[in-house]
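Have a look at the structure below, then the notes.
Residue numbers start at 1 and run along the sequence shown. Note that this is a predicted model, so its numbers are computed, not measured.
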Amino acid sequence: MDVWDVASFPEPVIEALRAVDGAFVAHTLNVTQNRYEPDPTDEPRRLGLDVIARTMAGVTIRAWHYGRLCADEVELLMREGLWPTSQHRRNMRLRTRQDAGDLTSDDVASLTACCELNTDSFGVKDGAVFMTSTPRHPEEDYVCSLLASWGGEALARPRAGTPLGQRLALIGEPAVLEIALPFDLLPDWRQGLVVEAIEGGWLARQGCGVTENGRDLHVIEPLAPERILRVLRPCDHDFHTLGKSYPTAAVCLSPDGALRR
């Protein structure tokens, strides 16, 4: 299921949306007309969102993970799956790149010392796998930055603009993971974001409500290898059409990932 494509919704979700459609539409119209007054349509809408959340139990949604990977890392992903970020796994990746000759021991020491995981006191990155619910084209500004340098934000960002940062841009190649993500694996508040995106797509198809830009998602446990449907790289045609004509329904998305009206 693509949360931005109503045509991909399972029939139970469609039936639930039809049942709560009146509450969603009333809330949208009321917010538009009376945005500075108490909203009597808020509670029915919240109840409607709860209905959709319960219906989503057991549903698998499609998500996308962007990064820069070496060939051996892709092989490892397809064999062992995608694991949450941690200092231990960071150190393993760094040692592998040092053994491969991509990094020196000084490079590894420098990257480790400045890694954003060291000061991630709120656990924003440590222990999580981040994805997006909407396919974004590799040349979009933010996406491009994720694909430009090996090591991801935690390792590469602190070294941006340095000679070491320039060398990180030469390691590996851009890669986009297409993931089959069980809705039930998401933390509750991320499930809520998915349900709101479903609501937005449903309303947008009727010509009301705000357009949707997708949602950032994360899980805190490993994703098994079979959850990785594809690894798209520059040698793949679909890599270059991602978010435009791949998947096919992406033609309904505007350049920034929002739904077209």
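- Residues passing the salt bridge (Lys or Arg N to Asp or Glu O under 4.0 Å) test with E140, sequence neighbours excluded: R136.
- Salt bridge present: R97 and D72 bring a charged side-chain N and a carboxylate O closer than 4.0 Å.
- The side-chain heavy atoms of E173 and L69, taken from C-beta on, include no pair separated by under 4.5 Å.
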Q.
Could you go through L242 and Y66, starting from their C-alpha distance and side-chain angles, then the distance that decides it, and tell me whether this counts as side-chain contact (heavy atoms from CB on, under 4.5 Å)?
A. CA-CA 12 Å; L242 181 62; Y66 292 77; 3.6 Å; yes
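- To the nearest 0.5 angstrom, Q87 atom CD is 7.0 Å from N91 atom CG.
- Contact record, C208 with V25: SG-CG2, 4.5 Å, taken as the closest heavy-atom pair.
- Ion pairing between a basic and an acidic side chain is recognised when a charged N comes within 4.0 Å of a carboxylate O; R62 and E178 show such pairing.
- Within a 6.0 Å sphere centred on CD of E15, other residues, nucleotides and ligands contribute more than 12 heavy atoms.
- Although no hydrogens or angles enter the test, the distance criterion places no donor-acceptor pair under 3.5 Å between the side chain of D2 and the main chain of W4.
- If you check the side chains of R45 and N30, you find no donor sitting under 3.5 Å from an acceptor.
- Applying side-chain contact (heavy atoms from CB on, under 4.5 Å) to M131 and the options D216, V219, L177, L82 leaves one that passes, V219.
- Contact annotation: the side chain of D42 approaches that of H27 to within less than 4.5 Å [non-hydrogen atoms, C-beta and beyond].
- A distance-only check finds no donor-acceptor pair linking the side chain of D50 to the backbone of L47 [under 3.5 Å].
- The shortest heavy-atom contact between L186 and Q191 is O-NE2, 3.1 Å.
- Although no hydrogens or angles enter the test, the distance criterion places a donor-acceptor pair under 3.5 Å between the side chain of H65 and the main chain of F130.
- A pairwise comparison of heavy atoms in L147 and G67 identifies CD2-O, 3.0 Å as the closest pair.
- Shown here are the side chain to side chain contact (heavy atoms under 4.5 Å, CB included) partners of V20, two or more places apart in sequence or in another chain: F24, V51, I52.
- With S145 contributing its side chain and Y142 its backbone, the two residues share a donor-acceptor pair below 3.5 Å.
- Using a 4.5 Å heavy-atom cutoff, the side chains of C144 and E139 are not in contact.
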Q. Step by step, would you call L29 with T41 a side-chain contact (heavy atoms from CB on, under 4.5 Å)?
A. CA-CA 9 Å; L29 296 177; T41 68; over 6 Å; no
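- Two residues are said to be in side-chain contact when any heavy atoms from C-beta on lie closer than 4.5 Å; P138 and H240 fail this criterion.
- For R190, there are no salt bridge (Lys or Arg N to Asp or Glu O under 4.0 Å) partners, not counting sequence neighbours.
- Listed for the R68 side chain is a donor-acceptor partner under 3.5 Å among the backbone atoms of I171.
- Listed for the E73 side chain is a donor-acceptor partner under 3.5 Å among the backbone atoms of C70.
- For the pair W64/V143, no side-chain contact is recorded, criterion being any heavy-atom separation below 4.5 Å from C-beta on.
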Distance-only donor-acceptor hits, side chain of residues 225-235, under 3.5 Å, sequence neighbours excluded:
unit_1: R230; atom_1: NH1; unit_2: D238; atom_2: OD2; d: 2.7
unit_1: R230; atom_1: NH1; unit_2: Y246; atom_2: OH; d: 3.1
unit_1: R230; atom_1: NH2; unit_2: D238; atom_2: OD2; d: 3.4

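- Taking C114 as the reference, P158, R159 meet the side chain to side chain contact (heavy atoms under 4.5 Å, CB included) condition, with sequence neighbours excluded.
- For I220, the CD1 atom is loosely surrounded, since the number of other residues' heavy atoms within 6.0 Å does not exceed 12.
- For P44, the side chain to side chain contact (heavy atoms under 4.5 Å, CB included) partners are A23, not counting sequence neighbours.
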Q | Worked check of side-chain contact (heavy atoms from CB on, under 4.5 Å) between V194 and S133 | A | CA-CA 8 Å; V194 167; S133 67; 5.6 Å; no
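- With S245 contributing its side chain and T248 its backbone, the two residues share no donor-acceptor pair below 3.5 Å.
- Within the 4.5 Å cutoff, the side chain of T60 has no heavy atoms near those of the L181 side chain.
- Contact check for F9 versus L17: side-chain heavy atoms found under the 4.5 Å cut-off.
- A side-chain N or O of T104 and one of D107 form a donor-acceptor pair less than 3.5 Å apart.
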